[in-house]
Amino acid sequence: VQLQASGGGLVQAGGSLRLSCAASGNTLIIINTATWYRQAPGMQRELVATISNRGSTIAESLKDRFRVSGDNPQRMRTVYLQMNNLRPEDTANYFCAANVWTAALGSGDYWGQGTQVTVSS
């Protein structure tokens with residue numbers, strides 16, 4: 001199973017981006033829970049959002065600008081992070097981690113490589 005984050009890039013302040021975190025593999029895959037994190041250079045890792053088939057949460061400081069969703073609430077394979085009204089302080093490497101069930105291996109925890117988001121002022 002691989003987790004791949006994508007959708008990052010360079011955007012001006014006030015702009016939007018939608019990140020994707022996709023689970024892939026040659027087996028039936030369901031994401032049980034996925035978490036988006038971000039980490040800026042020299043800073044600690046920050047939890048951004050979590051989603052499962054029971055609901056989702058967003059970091060309090062980001063609730064008015066960020067949204068998290070999945071492609072299928074009951075059988076997620078891809079999760080999204082919609083980021084609006086971006087600010088320079090949102091610049092970071094964004095990556096996802098997930099507990100994933102597969103028909104071949106059962107449940108396990110996986111980490112994906114990140115996607116860089118850079119917001120210019």
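Put simply, the side chain of Thr102 never gets that close to the backbone of Thr27: no donor and acceptor are under 3.5 Å apart. In this structure a side-chain-to-backbone donor-acceptor pair under 3.5 Å is missing from Asn85 to Arg65. Arg77 contributes a side-chain N or O that, together with a main-chain N or O of Ala23, makes up a donor-acceptor pair within less than 3.5 Å.
In the hydrophobic clustering of ILVMFWY residues, with side-chain heavy atoms under 4.5 Å counting as a link, Ile51 and Val1 come out together. No path of Ile, Leu, Val, Met, Phe, Trp and Tyr side chains, each step under 4.5 Å between heavy atoms, connects Met83 with Leu10, placing them in separate hydrophobic clusters. Taking hydrophobic clusters as Ile, Leu, Val, Met, Phe, Trp and Tyr residues chained together by side-chain heavy-atom distances below 4.5 Å, Val79 shares a cluster with Tyr110. When the side chains of ILVMFWY residues are joined at heavy-atom separations under 4.5 Å, either directly or via intervening members, Tyr80 and Leu86 end up in two distinct hydrophobic clusters.
Nearest heavy-atom pair, Ala98 versus Ile31, reported as atom, atom and distance to 0.1 Å: CB-CG2, 4.1 Å. For the residue pair Arg45 and Gln39, the shortest heavy atom distance occurs at N-NE2, 3.7 Å. The minimum heavy-atom distance linking Arg75 with Leu28 is given by the pair NH2-CD1, 3.1 Å. Across all non-hydrogen atoms, the minimal contact from Gly7 to Leu17 is O-CD2, 3.8 Å. For the pair Gly8 and Val117, the tightest heavy-atom approach, listed with the atom from each and the gap, is CA-CG2, 4.1 Å. Nearest heavy-atom pair across Pro88 and Ser121 is CG-CB, 3.9 Å.
When side chains are defined from C-beta on, Phe95 does not count as touching Leu3, because their heavy atoms never get closer than 4.5 Å. Side-chain contact between Ser16 and Val11 is absent, with no heavy atoms from C-beta onward closer than 4.5 Å. No side-chain heavy atom of Gln4 sits less than 4.5 Å from a side-chain heavy atom of Thr115. In this structure, Arg67 and Leu81 have side chains that are not in contact, with every pair of non-hydrogen atoms separated by 4.5 Å or more.
More than 12 heavy atoms of other residues, nucleotides or ligands lie within 6.0 Å of CD in Gln116, so this atom counts as buried by the packing criterion. Other residues, nucleotides and ligands contribute only 12 or fewer heavy atoms inside 6.0 Å of the CD atom of Gln12. The environment of Gln2 atom CD is sparse: at most 12 non-hydrogen atoms of other residues, nucleotides or ligands sit within 6.0 angstrom.
Interatomic distance, Thr118 OG1 to Asp90 CG, rounded to the nearest 0.5 Å: 11.0 Å. In this structure, CG in Asp109 is found 9.5 Å from OG1 in Thr35, a value given to the nearest 0.5 Å. With values rounded to the nearest 0.5 angstrom, Gln82 atom CD is found 10.0 Å from Ser20 atom OG.
Taking the six-membered ring where tryptophan is involved, the planes of Tyr94 and Phe66 are tilted, since the angle between them lies from 30° to 60°.
Of the candidates Val48, Leu62, Ile58, Thr50, Trp36 forms a side-chain contact (heavy atoms from CB on, under 4.5 Å) with just one, namely Val48.
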Query raised in the report: When you look at Met76 and Ile30, which way does the side chain to side chain contact (heavy atoms under 4.5 Å, CB included) test go after all the steps?
Result: CA-CA 5 Å; Met76 288 188 297; Ile30 299 174; 5.6 Å; no

